[in-house]
Q: 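Mind having a look at this structure? Questions to follow.
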Amino acid sequence: MSLRDTIIAQITAQGPMRLDDYISTCLLHPTAGYYTTRPPFGKQGDFITAPEISQMFGELIGLALAQSWLDQGAPARFALLELGPGRGTLIADILRATKAVKGFHEAAQITLMEASPALRAEQAATLAGHTPAWIDTIEALPELPVFAVANEFFDALPIRQFVRDGDRWRERQVGVQDGTLVFGLGPAQSQPALAARLDDTKDGDMVEDCPSAAPILSTLAARIASHAGAALVFDYGDWRSLGDTLQAVQNHATTDPLTAPGMADLTAHVDFEALFAAATPLATCSRITPQGVFLERLGITARAQALAENLSGEALDTHIAAHRRLTHPQEMGNLFKTFGIVPHGAPMLPGLET
Ligand code: SAH
């Protein structure tokens with residue numbers, strides 16, 4: 001039975017499915033989920049992420065985290081955490097770039113929060129020679145200072161969508177009509193969590209909510225506040241979500257989110273305001289900064305020039321294109337944003353001080 005048939009059978013038996021349940025089934029179904037069945041990243045996959053574009057991304061993040069570790073007194077043991085590590089490329093680049101930072105590797109307990117067994121296996125292969133530990137939930141973080149990175153993790157978490165109807169909201173659901181999956185709207189209900197959105201929306205507007213994002217980030221921020229540490233979050237999105245940002249991508253092209261469950265990546269824009277609200281009471285957040293600006297401040301151009309000296313021909317062209325892709329405002333430079341989290345009173349991560 002295909003995942004599509006499984007979902008149709010479930011909806012037929014139990015009624016319309018909430019969008020977040022649909023998304024998590026599509027992405028993480030144990031045998032037919034998108035992340036559980038395929039390596040989705042890289043040139044052969046459906047999409048390419050910053051660490052897969054160039055090693056420079058992870059190198060600069062590694063050095064930024066190591067600087068923050070030094071700034072906070074170089075704690076003798078800490079969790080070096082990545083949320084949603086994909087193929088393990090970013091954490092591997094972080095480790096390579098920080099090899100020369102005295103004591104950093106000895107102090108680091110590499111900790112990976114990853115839901116997909118197939119990707120865990122790939123991460124283990126990428127990190128051969130290291131001894132990472134995997135966790136299922138953020139609550140399982142060891143009781144240690146934590147220096148963390150999340151790249152394109154929050155956009156992969158399931159969202160709910162609500163359409164405004166007077167002072168109430170109708171939730172978008174997945175139903176079945178004539179044997180196919182279709183979107184529909186549930187009954188109008190009041191949503192206390194969306195009370196503030198009555199001020200900036202009008203009838204018919206759609207807003208999104210990512211129920212699992214804030215608890216993950218507030219747990220991480222609390223750990224940073226109580227034990228020391230820092231986090232760097234990269235993703236695409238805006239300060240406050242408005243409108244339908246659910247996107248399905250297959251073979252580097254957008255597709256309908258309902259046509260091929262489990263075969264396409266499903267993501268949504270990240271609502272940075274919600275992430276901020278979850279972290280700021282507990283720890284200090286930097287401004288939201290465009291990825292391109294952050295990487296330039298950390299010296300990506302100098303690093304790109306140094307790497308270019310050993311390249312020629314096609315490899316040099318690819319390298320120049322990768323630098324541009326990561327930083328240029330019309331490529332990933334502006335669409336992707338970053339912000340840092342440190343304990344109240346600690347120095348902000350390099351590149352995010354202002
Ligand atoms: N950071 C990587 C991969 C981004 S894709 C990169 O930049 O290339 C999203 C990653 O998050 C995948 O590894 C996916 O399996 C993982 N993921 C998605 N939902 C998750 C969840 N609820 N808990 C843990 N990992 C999750």
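Numbers for residues simply follow the sequence, beginning at 1. Just so you know, ligand 1 is whichever comes first in the structure, and atom 1 is the first atom listed for that ligand. Quantities reported herein were computed from a predicted structural model and do not represent experimental measurements.
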Q: Before signing off on this row, confirm whether Q123 and ligand 1 have an N or O atom pair separated by under 3.5 Å.
A: no
Q: Using a 3.5 Å cut-off on N or O atoms only, is E52 in polar contact with ligand 1?
A: no
Q: Taking only residues two or more places apart in sequence or in another chain, which ones pass side chain to side chain contact (heavy atoms under 4.5 Å, CB included) with S241?
A: R197, E208, D271
Q: Take a 6.0 Å sphere around CZ of R96 and say whether it holds more than 12 heavy atoms from other residues, nucleotides or ligands.
A: yes
Q: Tell me whether ligand 1 is touched by L90 - counting only heavy atoms on the residue side and a distance under 4.0 Å.
A: no
Q: Count the heavy atoms of every other residue, nucleotide or ligand shown that sit under 6.0 Å from CE of M348, and state whether that count exceeds 12.
A: yes
Q: Could you tell me if Q123 and E114 have a donor-acceptor pair between their side chains, going purely by distance under 3.5 Å?
A: yes
Q: Numbering the atoms of ligand 1 from 1, which are under 4.0 Å from a heavy atom of M113?
A: 24 (C), 25 (N)
Q: Go through ligand 1 atom by atom and flag the ones less than 4.0 Å from a non-hydrogen atom of L119.
A: 12 (C), 13 (O), 15 (O)
Q: When you compare the side chains of D71 and Q67, does any donor N or O come within less than 3.5 Å of an acceptor on the partner?
A: yes
Q: Can you list everything that forms a side chain to side chain contact (heavy atoms under 4.5 Å, CB included) with I135? Sequence neighbours excluded, please.
A: L81, T111, M113, A140, L141
Q: Could you say whether the N/O atoms of G86 and ligand 1 ever approach to under 3.5 Å?
A: yes
Q: Would you name the heavy atoms of W69 and A107 that are closest together and state the gap between them?
A: CZ2-CB, 4.0 Å
Q: For S116 and Y35, indicate whether the former's side chain and the latter's backbone hold a donor-acceptor pair under 3.5 Å.
A: yes
Q: Would G84 count as a polar contact of ligand 1, with the cut-off being nitrogen or oxygen pairs under 3.5 Å?
A: yes
Q: E152 versus ligand 1: do any nitrogen or oxygen atoms come within less than 3.5 Å of each other?
A: no
Q: Would F57 and F336 count as a ring pair (Phe, Tyr, Trp, His ring centres under 6.0 Å) if you check the C-alpha gap in whole Å, the side-chain angles of each, and the deciding distance to 0.1 Å?
A: CA-CA 13 Å; F57 184 74; F336 279 75; 8.6 Å; no
Q: If I apply the N/O under 3.5 Å rule, does A115 come out as touching ligand 1?
A: yes
Q: Once you restrict to heavy atoms under 4.0 Å, what part of R87 touches ligand 1? Side chain, backbone, both or neither.
A: neither
Q: Within ligand 1, which atoms have a heavy atom of P51 less than 4.0 Å away?
A: 6 (C), 7 (O), 8 (O)
Q: For ligand 1, which atoms sit closer than 4.0 Å to a heavy atom of T49?
A: 6 (C), 7 (O), 8 (O)
Q: May I ask you to list the atoms of ligand 1 that are less than 4.0 angstrom from any heavy atom of L157?
A: 22 (N)
Q: Which bit of T89 gets closer than 4.0 Å to ligand 1, counting heavy atoms only: side chain, backbone, both or neither?
A: neither
Q: Could you list which atoms of ligand 1 come closer than 4.0 Å to a heavy atom of N151?
A: 1 (N), 2 (C), 4 (C), 6 (C), 7 (O)
Q: Between Q291 and T327, do the side chains contain an N or O donor and an N or O acceptor separated by less than 3.5 Å?
A: no
Q: Which one of R120, E114, E82 has a non-hydrogen atom at the shortest distance from atom 12 (C) of ligand 1?
A: E114
